[in-house]
Asker: 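Here's a structure for you.
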Amino acid sequence: MRRVPVDMLRPGMKVGKALYSSRGELLLNAGVILTARNIERLRRLKVPALYIDDGFLPDVVVEDVIAEETRVQAMVQVRELLEEQWEAKGPSCFRAGKAILRVKRLTETVESIIDQLLANRALMVNLADVRAIDDYTFGHCVNVCVLSLMTGITLGYGREGLLRLGLGAILHDLGKVDIPREILHKPGRLTAEEFAVVKRHPEEGYRRILRLPGVSAPSAQVVYQHHERYDGTGYPRGLQGQEVHEFAYICGVADVFDALTADRVYRRACPVHEAYEMVAGSGDSLFAFHVVRAFLENIAAYPVGTWVRLSSGETGVVVENRRGFSLYPRVRVFFDPEGNPVGPYEVCLWEAGDVVVAGVTDEGSVRAGLGYSQLP
Ligand SMILES: [Fe+2]
């Protein structure tokens, strides 16, 4: 199974991993054979890529760190909660009974995410983004929650701490419901005035989360401080260093990383290894160093299915990642340094001391290259 950009999908290809909308609707089930209409629909929905099962790397499974149904359930619950908040114009319209239920359900879902992450501790984040652009907000909330919790587990948090962190992280952008949608979804650059409006969302979110029943003070701090930065360049208060709650740094790193690796209206997704490098450089400048280090331990810089060129000149596909070796995957080599098909055979970079990933390439370039037409 591998991730294929929508532009390279062809009728007849088999869907390897089901695709859901943020409303929980099944858009395409695993095993479905693609038609031209399916592909056109994906293009309309601005889905960047799809996992395809074409018999290439049949033994390689791309595992998510949590179950698909939990991810979808979390996304639907966040959507419902945010949409209700959108409708609530002021305190008088606020329906406390409904909010209690929403928070209770969301708390149960975060608990389920924690259980799964604790049970799958060896797994790293290997999935590249396949979200439709319109679904960005809700998928982003869930991703930030999962990434924050993985960081919290690495830092040795107990259950109570994880639950508070997770609930704050999944609701971190609650205040965005107060930003006019024209500004929130504006494709171009924001004006200074518009950016000032966007920068109010941590405070608006804090105001809203304090009114939600059953949310603890540390969770509220995540909402309030997730844009504060270690060097004091963040907002809303320009706090720095240890003035910022550790939870907020955790959520901040997860937020930046997930935003970088997603396709947005105004720019294409940044490849995972580039986002990894950017985050790696942010320790003790944007975020606390130990938080960045714990975060990156969970991220595969070259996710399974990525085409890479090795320092030895060989070209192959990443087939496995090991925790603690984010930059050193196991690679199945298909081409020698001259571009001639070989083997395939595998090179394990976390064992081989002298070979590293020299660059990332994509399947289009591989197929277009000399001698590269003999791929399965
Ligand atoms: Fe935010």
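Remember, it's 1-based here, ligands and their atoms both numbered in the order they're listed. Just so you know, these numbers use all the heavy atoms, side chains as well, and skip hydrogens, waters and symmetry mates. When a residue number appears, it is its place in the shown sequence, counting from 1.
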Asker: Looking only at side chains, do T107 and E111 share a donor and an acceptor under 3.5 Å apart?
Answerer: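 No, because no side-chain N or O of T107 sits under 3.5 Å from a partner of the opposite role on E111.
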
Asker: Would the Y157 and F247 ring centres measure less than 6.0 Å apart?
Answerer: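 Y157 vs F247: aromatic centres under 6.0 Å.
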
Asker: Measure up the F195 and Y235 rings against each other and bin them: parallel (under 30°), tilted (30 to 60°), perpendicular (over 60°).
Answerer: perpendicular

Asker: Give a yes or no on whether a salt bridge exists between R71 and E68, defined as a side-chain N under 4.0 angstrom from a carboxylate O.
Answerer: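 Salt bridge absent between R71 and E68.
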
Asker: Salt bridge between R208 and E204, side-chain N to carboxylate O under 4.0 Å?
Answerer: no

Asker: Check R43 with E40, please: is the shortest side-chain N to carboxylate O separation under 4.0 Å?
Answerer: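 Yes, charged N to carboxylate O under 4.0 Å.
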
Asker: If waters are left out, how many protein N/O/S atoms lie within less than 2.8 Å of the Fe ion (ligand 1)?
Answerer: 4

